[in-house]
Every structure is written in structure tokens, then in C-alpha cells.
Enquirer: 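The structure's right below; bear with me while I get my questions together.
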There are 2 protein chains.
Amino acid sequence: MSSLQARKQELVRDAIWDAAIELFLVKGFDETTVEDIAAGAGVSRRTFFRYFASKNDLLGQGIMEYAGALRETILACPAGCPATQVVREAVSRVAAQYAAIPRTKQIMRIAELYPAARAAQLSRTAELQELVREAFAGRGMSGVEAGLLAGVTLALLSVIFRAWFAAGATDIGRAVEEGLGTLRRVLGAG
Amino acid sequence: MSSLQARKQELVRDAIWDAAIELFLVKGFDETTVEDIAAGAGVSRRTFFRYFASKNDLLGQGIMEYAGALRETILACPAGCPATQVVREAVSRVAAQYAAIPRTKQIMRIAELYPAARAAQLSRTAELQELVREAFAGRGMSGVEAGLLAGVTLALLSVIFRAWFAAGATDIGRAVEEGLGTLRRVLGAG
DNA sequence: TTGACAATGGCACTCAGTGCCATATAATTC
DNA sequence: GAATTATATGGCACTGAGTGCCATTGTCAA
């Protein structure tokens, strides 16, 4: 399915995304209207909404694109696989994928600058955590286990991205191990 | 500050809240407009926005009312206090407080029924997690530790509320212990 | 080339959210 | 108790988000 239409759609989607990020960084998130973005991308306002459900969706869609991969990774681990191993694989894989998207850093920068943008991203993160919870529950875990592991998984992802964003490059596999180690150590005492 | 004005404000706030919950449960969340709520509370649309920043705020304000208590509990623990103890106290205290609010169950019911309402609540939960993270960081922890503990804390709260909502009453102290135990067990292997 | 199908643009509409100002009600002062 | 000052409210008007509808344009297949 790489027809001319599909490629044009990808082009338009990218144009919208680029125009939006540019404007967010220059004018600010709240000050940029959908109309501005559409104009910047050379497209009508109406068309914008055919690609993105909302202005916030511009920030969240990148996250959600990999929700499926996260879910599959969790469900793909063999039945007897210990929970930490599942978390390890899921976090490593998704972090690596997400870090590879060029727009990720710019989006994190925008979220860092503007509270409304940060709120939009946090909202998506919470949504993603729900999906992860359901995936863990699908592995035959109790609701409590699934909920806690989902929390741990997303917290790890968040911590890793924070480090990755702050320090430039990060060895993601190593960061996951350190995070799990920290968690064990902190929870172990008391 | 329990003047006549203050008591009237409380009255109006409650009237709006009650009207909103009633309408959400009867008409549905998306189908209920701010104008409906204002009319139901016997107040103008403009006045609604003087009490609540948005329709979503009706669902989130209950959560955020206790953000301060959560933060203080975390910061109040003595310096050498182990992290699990901090988490234990924070979760226990806030869970008990939040469970005592009459509207909590109805709001959870609404969030259960309507995706948009659930999204609004999740958004607030994520916001709360940020505050908790900052509180842990304020205890002199590393960013990684703070991020992970905040994730664990909110996951525990979520799990406990889920149980509390499903099963009617729950021994919150016991639930916290079980949650922490589950977490140690699950993370210990592998 | 023609006909089916998808993408786009433009229009109009509802609703959220906000600034502004006039009015009414409470608190304060004399 | 009357006058004055704050504060809460209501109404109005405005911008912007998001959506349904339809005419138009461009793409694909026969």
C-alpha cells in the first residue's frame, strides 16, 4: 500500500507536523491556532482535522503510534517469563523505537516549555499506561499485578526519556537495568 | 473565613457539582453541555466558569484538592525514613481522605462509563504524578528514584481505588501492604 | 476515456472558554 | 442605620476548537 495517494498523505501529514512544531517553538503553543498550522502547511483548516483529531493530538500521536508495539511485546513473551523480563523487553524496545523518531526531541522540548503541551502529553501517557495495564492483564495476571507493573513500565519509560533528552544519547538497555535495580533497592528497604 | 459569601460560594459550587454529576449520569458526559449544567444548578453559564475552569475540571478538581496533602505527607517524613515507608504513608492517607468524599464513587462511575471523562481523570492523575515526583525529588532523591517512586505511588493509588470501587469497602492500610508486597515479589524474580 | 472512489476545500453550525461591563449583594466604614 | 467599597453575578460579544455536509478535484481501475 504505497500508492501515490498514500505517499501524498504521508507528505501532508509531515507538512502539518513540521509546520506545527515550527510554530509552537516560535509563537508558543497556546498562541498557535489550528488555522495557523494549516496555513503553514499549505492546507485547509478542515483538512488539518482529517489528519489530527486536535491540536493536542499533534503531541500525542507520536506516543500512541507505538502503543501497538508495546502491547505486542508484552503479550509476545512466553508464559513462564518473569515479569521483570517482560518489562525489560517492552521498555527497551519502545524506548529505542521512540528515540529514533526525529520529531521526538522537538516535541519533548515543546512539552518542556509549555504547560498546556505538557498536559496533553501526560494525558496520552496515562492513556498508554491503561493499554499496558490491559496487556499485562491479558497475560493472566491479577488486576493488582497488572496495574502495578503498568505503573512501573511507564515510570521507567518516563525516567529513561528524561535522561535521554537531558543527556543527548543514552544506552537504553543500560538505563533500563539501572532503573530496575534502583527500583528493587528502593523498595527492598523498609 | 466562614462569612456569608464564603458559605454561598460553597453552596453554588455544590449545586453545580451535583447538577453536573446528575446530568452526566442521565444524559451522558459528551451530551451534557456547560449550559445544561449551569441551568441545572440555577446559575449562568458565565458563573460556571468562575467555579470550574472547564467541564473536565469537574472530574479532576476532586483529585487535585488532595494534591497538597499528598505533597506534605511525602515531605513530612523524617530524613532517614525508607522510601517504602514514605510511599505507604502517602498512599494510605490520601486514599482514606479521597475515599471519604461522597462524590468520589459517582465520579468514578462516570469515568467508567464515558471515555472522555476517563481521559479527563487520567490527565489529572498524570498531573498529580508529576507533583509527587517533585515532592520525592524535594527529599533529596535522584531524578530516577523520584520518577520511579512517583510511578509506584500513583499505581498503588490507582489499584487501591479500583479495588475500593469494585468491592465497596476496602481496608486501605491492608491494601497498601499487599500492593507493596506484590510489587516486591513481582520485581524480585528475574 | 469513463466511471468509481478517495482527498480536499469551503461553508455553516454548536460549543468551550474568556474579556468586558453593568448590576446586585455582601462587607466595611462612618 | 446610611453611605461606601468590594465582591459575586449575569449578559453580551468575541475567538477558536471541532464537526457535518456537499461540491470539487484528483487518483485508480476497467
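In the text below, chain A, chain B and the rest are named by the order of the sequence lines, each starting its count at 1.
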Enquirer: Rounded to whole angstroms, how far apart are CD1 on B/Ile37 and C1' on C/dA16?
Expert: 11 Å
Enquirer: Using whole Å, what does the distance between atom C1' of nucleotide C/dA16 and atom CG of A/Asp30 come to?
Expert: 15 Å
Enquirer: To the nearest angstrom, how far is B/Leu11 atom CG from D/dA8 atom P?
Expert: 15 Å
Enquirer: Salt-bridge test for A/Arg103 and A/Asp14: reply yes if a basic N is under 4.0 Å from a carboxylate O, no otherwise.
Expert: yes
Enquirer: Given atom CZ of B/Phe49 and atom P of C/dA16, what is their separation to the nearest angstrom?
Expert: 6 Å
Enquirer: Are A/Glu177 and A/Arg88 close enough for a salt bridge, meaning some N to O gap below 4.0 Å?
Expert: yes
Enquirer: Do A/Arg46 and D/dG20 share a donor-acceptor pair, side chain to base, under 3.5 Å?
Expert: yes
Enquirer: Taking atom C1' of D/dC12 as reference, at what distance in whole Å does atom CD of B/Glu35 sit?
Expert: 13 Å
Enquirer: Would you say C/dA7 has OP1 or OP2 under 4.0 Å from some side-chain N or O of A/Gln9?
Expert: yes
Enquirer: May I ask you to decide whether A/Glu178 forms a salt bridge with A/Arg174, counting only side-chain N to carboxylate O separations under 4.0 Å?
Expert: yes
Enquirer: Look at the side-chain N and O atoms of A/Lys8 and state whether any lies under 4.0 Å from the OP1 or OP2 oxygen of C/dA7.
Expert: no
Enquirer: So which one's nearest nucleotide on DNA chain C is more toward 5', B/Gln5 or B/Phe48?
Expert: B/Phe48
Enquirer: Would B/Glu10 and B/Arg7 pass as an ion pair if we require N to O under 4.0 Å?
Expert: no
Enquirer: Please tell me if A/Thr47 has a side-chain N or O lying less than 4.0 Å from either OP1 or OP2 of C/dG9.
Expert: yes
Enquirer: Quick one: the side chain of B/Arg50 and the base of D/dG10, do they pair up donor-acceptor inside 3.5 Å?
Expert: yes
Enquirer: Under 4.5 Å between side-chain heavy atoms, chaining through other members, with only Ile, Leu, Val, Met, Phe, Trp and Tyr counted: pull out the rest of the cluster around A/Ile107, sorted by chain and number.
Expert: A/Val12, A/Ile16, A/Trp17, A/Ile21, A/Leu23, A/Phe24, A/Leu25, A/Phe29, A/Val34, A/Ile37, A/Val43, A/Phe48, A/Phe49, A/Tyr51, A/Phe52, A/Leu58, A/Leu59, A/Ile110, A/Leu113, A/Tyr114
Enquirer: What is the separation between atom CG on B/Asp57 and atom P on C/dA16, rounded to the nearest whole Å?
Expert: 14 Å
Enquirer: Both A/Val12 and B/Val34 contact DNA chain C. Taking the nearest nucleotide for each, which residue is further toward the 5' end?
Expert: A/Val12
Enquirer: Kindly indicate whether the side chain of A/Arg45 and the base of D/dG16 share any N or O donor-acceptor pair separated by less than 3.5 Å?
Expert: no
Enquirer: Given that B/Ser44 and A/Thr33 both sit by DNA chain D, which one's nearest nucleotide is further toward the 5' end?
Expert: B/Ser44
Enquirer: Just the rounded figure in Å: distance from P of D/dA17 to CG of B/Asn56.
Expert: 17 Å
Enquirer: Can you tell me if the side-chain N/O atoms of A/Tyr51 get under 4.0 Å from OP1 or OP2 in C/dT8?
Expert: yes
Enquirer: Please state how far atom CD in A/Glu31 lies from atom C1' in D/dT15, giving the value in whole angstrom units.
Expert: 14 Å
